[in-house]
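Taking it in order: structure first as structure tokens, then the write-up.
Owing to the predicted nature of the structure, the values given are computational and were not obtained by experimental measurement.
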Amino acid sequence: MSQAVNAGFPILTATAAVPAVGAILAAAVPAARRTAAKWLALLVSLVTLVLAVVVLVDFDPGSDRYQFVESYSWIKDFGVRYELGVDGIGVALIALTALLIPFIILAGWHDADPLETKSSRWRPTQGFFALILMVEAMVILSFEATDVFLFYILFEAMLIPMYFLIGGFGDRAHAGSDENAAAQRSYAAVKFLLYNLVGGLIMLAAVIGLYVVAGNFSLTEIVEARASGRLEMATNTERLLFLGFFFAFAVKAPLWPLHTWLPNAMGEATAPVAVLITAVVDKVGTFAMLRFCLQLFPEASKWATPVIIALALVSIVYGALVAVGQRDIKRLVAYASISHFGFIIMGIFAMTSQGQSGATLYMVNHGISTAALMLVAGFLITRRGSRLIADYGGVQKVAPVLAGTFLIGGLATLSLPGLAPFVSEFLVLVGTFARYPVAGIIATTGIVLAALYTLVLYQRTMTGPVVTEEIRTMPDLRVRELVVVAPLIALLIFLGVFPKPLTDIVNPAVTHTMSDVQQSDPQPTVPLQTVEAK
């Protein structure tokens, strides 16, 4: 497996170190200077974005598979190395993460301001923004790690700041007492932590087993050794190790039936933190399926494919059906995300180049579209003070810009042609149908249901008569909120009509992954008919 060690500036380390150092500095800002902490966090996130853009621009899709490689001895006695490198898939997801964090910070500008209640001690502004930056650092580094043990540490460590963001800085739009809201936040945070910790512990056993078999933790060395025949795994051993890794990633993704923590976490978190969960952190799970499951355990991946495809189909249909019946706006978006993650996982394990390219594009496009929809929904909920769909109606008459951006975010969620998610969903379905036509046909029901829950949500919240005085006096989007939403909508349109810049980066990495699992695209069963010239 070709890779070039970067002897120059360690830019991959820098992309993670900048937000990590920024988190420490933001946390150290004096309590009375919370506005300074906000601006510091925003500045740090923008510097990180600049570094991510440099990586994206300098990455050469036609060169080595892993680029900007850094490798240093860390725990020598156990063969653990600080080893980083990015392929096209990693570069795309680093860019997505660095892009979304400034918008998350801007959208949550006032979410951690002190309240005149007992719960105010849970809202230190500096801590809120420091935790967001720390999550960014860990997620970016996880997209860069090519040492399995290093990845595992990051995979688990990011749970800690996320736990406090969910449990300590929950949504203020609650009916009931502060004590009841705090209890619901605590339940959601603990459930998130326990589910992911159980998955991580099972993965730890698999990581140790991999070390026993391979003698090191280096992804590139293990894959090279397997490809050259220097390392062989017994069939049962490979399958058990694969299941250990896949289980942890399926919890993080999340895949049915391991999904139940997500609606609670997204429902109780603030809208920006909900975006951080589903648009950023959860992508680590699907990314890891491509990088670790398929590369380390190719035969086991093919062995498990039929069951995984079936579970992905259940996620697609179940998530969409439950979304249709939701009364809570944020939980509706959460169940819609479960359906979308089903598409991503189905595309990965369809074992076709179209499916895996579509799955990678879906990760990026889902992040942008979900961020747009959820953040606008958060602005709406903040104005009305309720997450219940029934408490809305007629919003487009008093806040047309808010309603319009909400509609575009919703249309992107249902993968309307001309918006970015359509391209990725189309590729996933084409790639799946080429190898599993029945699964491809069943998955299309998710598209119909997505149109149903999205349009019904818009109809009930935005159209019709103005139902309450709170809505009648509702302000439209402010300048800060437009700065958050407008670039996301512009990206959805741009990538919807011109996805080539992204596909050019992703496709070579997908080709390498297909080679790792020794799969090629199936040939059409019906040959093309040629017409002879008369």
Only residue of Asn196, Leu159, Leu165, Val139 satisfying side chain to side chain contact (heavy atoms under 4.5 Å, CB included) with Val281 is Val139
How are the rings of Phe149 and Phe217 set to each other: parallel, tilted or perpendicular (split at 30° and 60°)?
tilted
Yes or no on ring-ring contact (aromatic ring centres under 6.0 Å, His included) for His366 and Phe343, after CA distance, side-chain angles and deciding distance?
CA-CA 11 Å; His366 171 264; Phe343 277 107; over 10 Å; no
Listed by chain and number, what are the salt bridge (charged side-chain N to carboxylate O under 4.0 Å, His left out) partners of Glu221, not counting sequence neighbours?
none
Could you tell me whether the side chain of Ser339 and the main chain of Gly319 form a donor-acceptor pair under 3.5 Å?
no
Would you indicate whether Phe59, at its atom CZ, is surrounded by more than 12 heavy atoms from other residues, nucleotides or ligands within a distance under 6.0 Å?
yes
Under the ring pair (Phe, Tyr, Trp, His ring centres under 6.0 Å) test, residues paired with Tyr82 that sit two or more places apart
none
Check whether the side chains of Gln354 and Thr432 place a donor and an acceptor atom closer than 3.5 Å, and report yes or no.
no
Set of residues satisfying side-chain contact (heavy atoms from CB on, under 4.5 Å) with respect to Tyr163, sequence neighbours excluded
Ala189, Val190, Leu193
Considering only heavy atoms from C-beta outward, does the side chain of Met266 approach that of Met374 to under 4.5 Å?
yes
Just by modelled atom types, is the Pro421 backbone N or O under 3.5 Å from a matching donor or acceptor in the Ser424 side chain?
yes
Between Arg435 (side chain only) and Met351 (backbone N and O only), is there a donor and an acceptor less than 3.5 Å apart?
yes
For Asp87, all residues meeting salt bridge (charged side-chain N to carboxylate O under 4.0 Å, His left out), sequence neighbours excluded
Arg291
Within a strict 4.5 Å, meaning less than it, do heavy atoms of the Glu224 and Ser228 side chains meet?
no
Donor-acceptor under 3.5 Å (Trp256 side chain, Val317 main chain):
no
Contacts of type side-chain contact (heavy atoms from CB on, under 4.5 Å), residue Ile344, not counting sequence neighbours:
Thr286, Phe341, Ile348, Ala359, Tyr362, Met363
Any non-hydrogen side-chain atom of Met203 less than 4.5 Å from a side-chain atom of Lys252?
no
List for me each residue that meets side-chain contact (heavy atoms from CB on, under 4.5 Å) alongside Leu416, sequence neighbours excluded, and say none if there are none.
Leu411, Leu414, Leu419
From the list Trp303, Phe292, Phe349, Phe297, ring-ring contact (aromatic ring centres under 6.0 Å, His included) partner of Phe246 resolves to Phe349
Should the pair Arg226-Glu238 be classified as a salt bridge under the 4.0 Å nitrogen-to-oxygen rule?
yes
